[in-house]
Amino acid sequence: MTRYNFKQSETSWQATWRERNVFGVAADPSRPKYYVLEMFPYPSGRIHMGHVRNYTLGDVVARYKRACGYNVLHPMGWDAFGLPAENAAIERGTSPAEWTYGNIATMRRQLQSMGLSIDWAREIATCHPGYYRHQQAMFLAFLRDGLAYRRESWVNWDPVDNTVLANEQVIDGRGWRSGALIERRKLSQWFLRITADAQALLDDLAILDRWPERVRLMQQNWIGRSEGARIRFVVEGQSEPLEVFTTRHDTLFGASFCAISPNHPLATALAADNADLAAFIAECSRLGTSEEAIETAEKRGFDTGLRARHPFVAGQSLPIYVANFVLMDYGTGAIFGCPAHDQRDLDFARKYDLAVLPVILPEGVDAADFLAGPGIGDEAYVGNGTLINSAFLDGMGVDEAKAEVARRLGEAGLGEVAVTYRLRDWGISRQRYWGCPIPVIHCATCGIVPVPEDELPVVLPDDVRFDTPGNPLADHPSWKHVACPTCGGEARRETDTMDTFVDSSWYYARYCSPRADEPVDRGEADYWLPVDQYIGGIEHAILHLLYSRFFARAMVRAGYLGVEEPFSGLFTQGMVCHETYKDEEGKWLFPDEVARTANGVVHARTGAPVSVGRSESMSKSKRNVVDPEAIIATYGADTARLFMMSDSPPERDLEWTDAGVEGAWRYVNRLWRIIADNTLPLAAVGADAGSGAGETGAALAILRETHRTVARVTDDLEKFGFNRAVARLRELTNALADFDASDASAARARRLSFTVLVKLIGPVMPHLAEALWQKLGNDGLLVDQPWPVADPAYLVDDTVRLGVQVNGKLRGTIEIAAGGDEETSRAAALALPGVINALNGRPPRKVVVVPNRIVNVVV
RNA sequence: GCCCGCUUGGCGAAAUCGGCAGACGCAACGGACUUAAAAUCCGUAUCCCGACACGGGAGUGGGGGUUCGAGUCCCCCAGCGGGCACCA
């Protein structure tokens with residue numbers, strides 16, 4: 001008995017694939033293409049189990065499609081810009097570039113040890129000038145097209161670290177690192193006009209039929225189209241009208257107040273000489289912005305004393321409040337409130353004692369009863385109905401009333417129908433060093449001047465310091481000083497760099513022609529794009545995927561690409577989880593610090609008791625991590641890959657267990673023993689060709705099992721049912737282990753079944769498959785073999801076994817000839833002892849016979 | 001609070017179109033092999049009643065419904081997980 005030497009095997013097959021450049025691909029219009037892409041990793045240091053799962057999934061798809069005859073593009077690269085590199089520089093004094101490229105080298109080696117079918121010649125790193133120079137060129141194209149622009153916007157400013165913070169870096173109003181109170185500050189920033197494509201991005205979700213429904217829904221909600229009306233209220237004593245957006249203009253006669261955002265220009269203006277209002281606004285800006293916090297938070301307002309004239313009721317005016325629940329970024333930053341028909345408005349009205357006038361009569365309620373009743377209590381009526389208390393709208397339905405209001409507002413020049421989106425323009429400015437420099441120059445006389453194309457890339461300087469707070473680029477002594485390309489005068493480079501989501505918004509296109517002198521080679525991109533199967537985590541459901549969809553559109557406009565939807569298929573995988581452990585002091589423990597003994601779970605070294613927590617997504621902070629490199633060193637890549645594909649459906653979370661890995665390891669060795677150590681008769685290579693026919697008994701049974709397995713595994717792989725496919729493979733393996741017939745037809749059947757099984761495991765366990773392919777005496781590489789095809793002749797059985805029910809309850813089974821008539825089934829079913837027993841002398845009222853499925857006797 | 005998802009043996013799960021619930025694996029138990037252990041192989045395994053066998057009953061989070069037949073479809077409820085934008 002020989003033991004499978006995975007170390008030697010995996011190293012040598014990887015070397016063979018590399019030497020023969022098996023996975024190097026080129027565009028070939030004569031062949032169908034298939035582009036498999038997993039979300040590229042951030043080079044954080046070492047790969048984690050989430051990567052192993054993600055890249056195994058993609059590799060199985062890539063290898064399977066390759067075997068099916070597709071010209072498969074399967075590239076890899078690095079999302080290499082970002083804050084962690086700067087944090088490492090601050091904490092350890094290493095330069096971001098050094099740290100990043102070091103991490104890339106480690107992670108590339110680790111990924112290569114997994115045996116992935118990647119064309120490494122196409123590797124890219126977004127921090128390389130060869131990549132970001134093209135990003136700069138595209139930025140300039142977008143600037144010309146009016147898609148990139150500059151405006152002021154509010155940011156969280158940390159006055160100690162001298163830097164802008166993300167929302168998640170602001171904890172209880174203080175900076176995460178400095179602990180300083182955060183200020184809201186207005187900064188001039190660069191934006192990409194994604195809102196121009198809001199409708200297209202929404203509409204085209206419909207054609208992404210190979211995306212998870214859930215992701216499409218999330219994007220739809222994020223874009224958030226709402227149809228309504230803009231209404232301009234005349235403000236008494238002011239020249240400027242107050243413009244309001246509403247979706248319920250039908251309830252205009254029920255309006256009892258207007259409210260504006262604390263950030264509304266009118267609020268800012270009024271606060272200038274109203275200290276109380278200024279204090280209220282300051283308080284609002286300290287309030288959390290999460291929906292959950294707000295929902296439970298008290299609705300508060302500040303009466304400005306200003307009054308807005310009702311557009312249709314002469315002499316009536318509405319108080320204008322500054323309110324903590326009105327957002328500046330949505331609509332016009334101002335609303336009118338109709339308390340009877342909006343819960344939030346009702347809460348507000350009750351608090352400030354404002355009128356609550358119902359203007360919608362609920363469906364099916366008598367008008368007289370309703371008006372005589374208690375009116376609106378603590379619950380607003382938000383449903384459909386008939387307009388009341390609304391002058392010329394009375395008697396109309398909601399939609400009709402909306403149309404009428406819009407028409408009359410239009411006539412009076414006080415408003416019109418409007419559509420707004422929740423989606424906001426994409427702010428790409430970052431006051432950071434380790435990112436793609438924005439290629440513009442600020443000149444006192446010429447304004448914003450693009451860096452001339454022939455001067456690209458604007459390269460990041462190497463000699464920056466991280467020992468002082470603030471943006472190292474802005475603090476660099478010489479980098480930003482430059483002559484204006486237009487007038488030659490003294491000018492200053494833009495020191496903002498781009499959001500790293502920009503880097504990842506077009507990398508899929510760059511892979512098509514990774515060394516081209518332009519961002520993308522159109523010929524290559526037109527052949528390879530779109531990505532046929534994109535695979536990654538659900539955490540990127542909105543931002544990354546939406547930005548990429550927008551970016552592709554922008555690139556199409558600028559002539560770089562021909563496809564607007566970059567990913568025709570998307571799969572979102574679940575997380576890798578592990579139990580959590582804590583010692584007696586409540587400190588997290590690594591799994592390998594924990595031992596299971598007769599006394600329960602204890603600390604491996606000290607023997608002290610350990611409390612076991614629930615399984616959670618692997619994270620460094622909770623220490624419930626298992627290092628892929630250690631697993632691959634102990635069990636090999638094929639075992640790790642098999643475990644990733646077994647048991648759990650890929651879209652669900654996967655529970656990492658040592659026992660599960662051991663199980664996968666046992667299967668790898670069992671396969672090796674059954675095939676490589678086989679001593680039973682085995683026909684010569686090639687002797688299994690052609691449809692045999694005439695087999696009987698065990699040989700026929702095993703051939704049927706084999707062909708059925710081919711059909712089912714193929715179907716499972718097409719549908720991402722990898723756990724099912726693995727179960728099918730194990731079933732065939734079990735059948736082959738029991739198959740001990742030794743005549744000539746058994747020898748042929750064995751040859752065919754072994755060959756097929758080895759081909760079927762290829763995508764999941766590529767090294768073992770190559771080793772077994774060779775062991776079976778075949779020439780060439782398994783990776784070059786076509787995917788097996790099931791012979792339909794073996795997929796049909798002579799007989800079928802039917803369940804027989806009495807009143808829906810199983811009482812026995814019958815075996816009848818396939819395609820037999822109903823009468824035979826009925827007679828056989830009624831003759832079953834179990835059925836006779838259950839009938840207990842009663843005559844059957846009805847017998848339902850579903851051919852090849854079931855017989856149900858009804859009494 | 002709103003939106004989305006999930007809930008099947010001790011555990012991960014399968015059941016693809018409404019048709020024999022629990023395939024496949026993990027853990028467990030019994031046996032073979034071994035001086036012994038590991039590895040391997042064979043077997044048992046949803047629960048309850050039944051000494052065994054034969055058999056019977058219950059069973060897919062809970063309650064109701066549609067159907068000859070429901071894990072699957074419909075309604076209500078509960079629990080768990082995730083997301084969140086005060087969206088006018």
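Scope of the values below: all heavy atoms of this structure, side chains included, with no hydrogens, waters or symmetry mates. If you're wondering where the values come from, they're calculated on a predicted model, not measured in any experiment. Throughout, a chain's letter reflects where its sequence line sits, starting with A, and its residues are numbered from 1.
Across all strands shown, the partner of B:U46 is B:A58, judged by Watson-Crick or G-U wobble contacts whose two distances both fall under 3.5 Å. Nucleotide B:G12 has B:C24 as its partner under the Watson-Crick or G-U criteria, with both atom distances under 3.5 Å. Under the Watson-Crick and G-U wobble criteria, each requiring two contacts below 3.5 Å, nucleotide B:G19 is paired to B:C68. B:A78 and B:U7 make up a base pair, with Watson-Crick or G-U wobble contacts both under 3.5 Å. In a base pair of the Watson-Crick type (N1 to N3 plus N6-O4 or O6-N4) or a G-U wobble (N1-O2 and O6-N3), with each distance short of 3.5 Å, B:A51 is matched with no nucleotide. Nucleotide B:C84 forms a pair with B:G1, judged by Watson-Crick or G-U wobble geometry with both contacts under 3.5 Å.
By the 4.5 Å heavy-atom criterion applied to side chains, A:Phe257 and A:Asp345 are counted as neighbours.
Phosphate contact (OP1/OP2 of B:A58, side-chain N/O of A:Lys809, threshold under 4.0 Å): present. The side chain of A:Arg652 places an N or O atom within less than 4.0 Å of a non-bridging phosphate oxygen (OP1 or OP2) of B:A13. Applying the 4.0 Å criterion to OP1 and OP2 of B:G83, one finds that A:Arg214 has every side-chain N and O outside that range.
Remark: the separation of the P atoms in B:U8 and B:C80 is 14 Å, to the nearest Å. Across the P atoms, B:G61 and B:G10 are found 13 Å apart, a figure rounded to whole Å. Distance noted for atom C1' between B:C75 and B:G82: 25 Å (whole Å). The C1' atoms of B:A15 and B:U66 are separated by 22 Å, rounded to the nearest whole Å. Taking atom P on both B:U67 and B:C17, the two are 23 Å apart, rounded to the nearest angstrom. With both ends at atom P, the span from B:C48 to B:C42 equals 28 Å, rounded to whole Å.
Ring geometry for A:Tyr352 versus A:Tyr321: interplanar angle of 30 to 60°, hence tilted.
Of the candidate nucleotides B:C20, B:A27, B:A85, B:A27 has the atom lying nearest to any side-chain atom of A:Ala659. Which of B:C20, B:G25, B:C87 sits closest to the side chain of A:Asp647 comes down to B:G25. Among B:A13, B:A23, B:C68, the nucleotide with an atom closest to any side-chain atom of A:Ser648 is B:A13. Looking at the side chain of A:Asn856, the nearest of the listed nucleotides B:A88, B:G69, B:A23 is B:G69.
For the residue pair A:Gln805/A:Arg811, the side-chain donor-acceptor check at 3.5 Å is not satisfied.
At whole-Å resolution of the value, CD in A:Gln805 and P in B:C20 are 7 Å apart. A straight line from CD of A:Gln220 to C1' of B:C4 spans 13 Å, rounded to a whole angstrom. If you take CG of A:Asn837 and P of B:G56, they are 7 Å apart, rounded to a whole angstrom. Computed from coordinates, the A:Asp658 CG to B:C11 C1' distance equals 15 Å when rounded to whole Å.
A residue-by-residue look at A:Asp738 and A:Asn734 shows that A:Asn734 has its nearest nucleotide of RNA chain B further toward the 5' end.
The two atoms that bring A:Ile854 and A:Leu802 nearest to each other are N-CD2, 4.2 Å, heavy atoms only.
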Test ring pair (Phe, Tyr, Trp, His ring centres under 6.0 Å) on A:Tyr667 and A:Trp672 and set out the steps. CA-CA 8 Å; A:Tyr667 179 65; A:Trp672 174 262; over 10 Å; no
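Side chain of A:Arg673 to backbone of A:Asn678: no donor-acceptor contact under 3.5 angstrom is found.
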